[in-house]
Each structure stands twice: as structure tokens, then as C-alpha cells.
Amino acid sequence: MYRYIGNKTKLLPYIIEKVEGIVPRGATICDLMAGTGVVSYALSEKGYKMISSDIMTYTKCHLVSNLLIDEPPRFSNAGFEGYESIINYLNNLEPFEGYFYKEFSPDGKPENGCEPRKYFSSENAKKIDAIRNQINNWIFNNQIDEKEEMLLKHTLIMAVNDVANISGTYGYFLAELKNNAREPIMLEPITFNQVQPQNNRVIQGFAEEIAADIKADLCYIDPPYMKRQYAANYHILETIARGDFPEAIGKSGLRDWWDQHSKLCTKTKGLDSLKRIIENMQCDNFVISYSEDGLFSLEQLSELFNNYGTVNVQYIDYSRFRSNNSKLSKKLKEYIIYLRRY
Ligand SMILES: C[S@@+](CC[C@H](N)C(=O)[O-])C[C@H]1O[C@@H](n2cnc3c(N)ncnc32)[C@H](O)[C@@H]1O
């Protein structure tokens with residue numbers, strides 16, 4: 001997938017092994033904070049039935065595209081003969097000076113009077129405007145269904161990540177356009193996973209709120225470890241996924257993200273959120289990923305989980321996610337905690 005805070009690509013073998021040791025293939029697994037979805041895709045390909053959720057709209061684009069679609073849609077209502085032909089059409093649209101150009105490019109003039117922001121080259125921002133506009137038109141005219149919309153937005157997000165002028169996240173842009181940002185943006189058709197769409201479900205929502213409605217044999221929880229809010233750090237992807245034109249606030253141009261503020265990123269409310277999730281879910285097995293440098297210590301987590309059942313911890317040496325200019329040390333311990341509820 002792409003660089004995403006807390007992405008579990010490198011830890012997949014450990015997580016899969018852990019899950020396979022607890023429930024057999026064919027069981028229902030909930031990936032409650034699925035992010036890029038890599039854990040869900042790997043488990044789905046192993047034959048597990050997935051319920052995958054997250055609060056962010058862009059993650060829904062990833063999850064729907066990779067869990068609910070196993071072959072390219074035809075896009076016939078929009079007048080195309082398949083996924084590749086619609087991608088080709090989008091790649092060749094006439095660029096125009098719209099919202100992304102104005103708010104996020106060096107030649108733009110942000111509405112709030114701030115200095116131009118350099119998230120994208122001006123040419124790429126104009127292309128993104130043209131593509132967003134076209135997708136919005138197809139939605140407005142009912143020419144694409146929800147899965148097709150999610151797939152086009154997922155494809156656009158993946159291309160946007162390749163040309164973004166950022167250091168790891170969209171929290172801020174770099175002062176000078178780096179080489180990848182100078183390349184022209186190019187949408188590439190994705191390769192579909194070997195999944196059984198009828199076995200999978202995708203939900204968008206706060207884990208604390210949806211937990212009570214979820215029944216699963218095992219719940220994998222990969223919460224945020226730090227105070228960094230995903231909604232703030234990936235605001236541009238959220239705007240692409242929503243297809244809207246929010247006020248771009250301050251120097252960095254963040255959208256108002258308070259509706260997606262996560263309590264799990266706070267020291268005061270994070271543990272209470274985990275407690276609510278474990279108490280409410282219709283599930284007996286919980287596998288939780290956490291990190292040595294997270295907001296909560298292993299002791300705090302164990303103390304909480306011990307109230308509900310038996311707890312077992314696996315320790316893994318891991319190289320951390322670092323933004324390019326981070327001075328933090330590279331090695332740290334990851335935990336895979338297994339809670340078997342009484
Ligand atoms: C560590 S990341 C998950 C990474 C994912 N396992 C992967 O490999 O890409 C944590 C995810 O939790 C989501 N999140 C944060 N608070 C949440 C909440 N209260 N309910 C649901 N999802 C939440 C974030 O949007 C983020 O995508």
C-alpha cells in the first residue's frame with residue numbers, strides 16, 4: 001500500500017500466525033481500525049471472513065476496493081468498456097485551475113490569504129481538480145455506483161500519494177518540490193486481491209460506537225499509538241475521498257477534522273475507549289497490536305485487559321515509521337497482545 005502511520009505490512013507474518021493459532025480459516029475476523037487494510041486483505045486471502053472498519057473515508061475507499069471487488073467493474077453506465085478505459089480517460093482530462101490548484105499548489109492563492117501551499121506541483125493539482133470534478137459529475141448523474149466510486153477514488157489516492165510533496169504525512173508540505181512531486185500524476189489500474197467479496201463487510205465508524213453491533217470470532221485491534229490524529233495527518237486524502245471543497249484552514253490548509261477526532265490518540269480517554277470496545281463487542285478473542293513508544297505502557301494495557309480474561313504478550317523487534325527528518329531512534333518493540341475473554 002503506502003506509507004501510513006502504524007501500517008502493519010512488515011508485521012503481517014506475525015499477525016497472521018497469531019490469528020491462525022487462535023481461530024481456523026473460515027472464521028469471522030473483525031479488523032476494527034483497518035487503516036490501509038493490509039491486515040484485512042492478507043486474512044481475507046487466507047480464507048477468513050472479514051468485517052473491516054475505520055473512521056476515515058479514505059480507508060473506506062481502500063477497503064471497498066480491496067475486499068469487496070474481485071474483478072474490475074465495467075463502468076458501462078458512464079459509457080466505458082472497463083476499468084482500464086475509464087482510467088485512461090481520467091489520465092487524459094484537460095487540467096483546470098480548481099480547488100486543489102488554488103489551495104494546495106505553488107501557483108495557487110489560498111482563500112484565507114496565506115502563502116501558497118506546495119503539496120503538489122501546479123500541473124498535478126490541476127489534473128487532480130479535473131479528475132475530482134469528473135468523478136463528482138458521474139456520481140451526481142448516477143453513472144457510477146458506490147463500488148465504482150470507491151475504486152476510482154482509491155485509484156486516485158494511490159496516484160496522489162506518489163506525487164505528494166510531503167515528508168511521510170500530509171500534516172505539512174515541503175518547502176521545495178522534491179523529485180517525485182515534479183513527475184506528472186498518473187492513475188494506474190490496481191490489481192485485485194483474491195478475495196470472496198460475499199464474505200466481507202466494510203463499515204465506516206468510530207470503533208467505540210459500532211462495537212456493540214459486531215459479532216466476530218476474533219477482533220484484531222490496531223489502535224493509534226500516538227497523539228498524532230489521522231484526520232489531521234491525512235486531511236488531503238480525506239478530501240479526495242469525500243469529493244468536497246472544505247475551507248482550507250491556516251498555513252497548512254487542514255480541513256476541519258474534529259468530526260473524526262480520535263479519543264484513542266489521547267492519554268485521558270484512550271484506555272476508556274478500549275474498555276468500551278472490549279466490553280461491547282460480541283467477541284471472545286482479541287488480538288491487539290501496540291508499541292513500546294505508544295501513549296500507554298504495556299503495564300497499563302495489561303491491567304485493563306486482565307479485567308476481562310487471560311492475557312498473553314508477544315514481543316517483536318521492529319523498525320519504526322519515521323518521517324524523513326525524524327531524529328528518533330529506529331528500533332523499538334512491538335507487542336502483539338492476545339486477550340482471551342472469560
Ligand atoms: C495504526 S492505524 C491502523 C493501521 C492498519 N492496521 C494498517 O496496517 O494500515 C490506526 C487506524 O485507526 C483509525 N482510528 C483511530 N481512532 C479510531 C476509532 N475511534 N475508531 C475507528 N478507527 C479509528 C485511524 O483512522 C487509523 O487508520
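Atoms considered below: every heavy atom in the structure, side chains included; atoms not considered: hydrogens, waters and symmetry mates. Numbers here are sequence positions counted from 1. Atoms within each ligand, like the ligands themselves, are counted from 1 in listed order.
A salt bridge links R25 with E20: at least one charged nitrogen is closer than 4.0 Å to a carboxylate oxygen.
Ring centers of Y119 and F104: under 6.0 Å apart, within the cut-off.
With F305 as the aromatic partner, R341 does not meet the cation-pi criteria of under 6.0 angstrom to the ring centre and within 45 degrees of the ring axis.
Within 4.0 Å of ligand 1, protein heavy atoms belong to Y4, I5, G6, N7, K8, M33, A34, G35, T36, V38, D54, I55, M56, G205, F206, A207, E208, D222, P223, P224, Y230, S262, L264, listed by chain and number.
Scanning for side chain to side chain donor-acceptor pair (under 3.5 Å) contacts around E209 gives an empty result, with sequence neighbours left out.
Applying the salt bridge (Lys or Arg N to Asp or Glu O under 4.0 Å) test to residues at least two apart or on different chains, the pairs with a partner in residues 54-81 are K60-E146. Every pair tested for salt bridge (Lys or Arg N to Asp or Glu O under 4.0 Å) that includes a residue from residues 86-99 fails, sequence neighbours excluded, so the list is empty.
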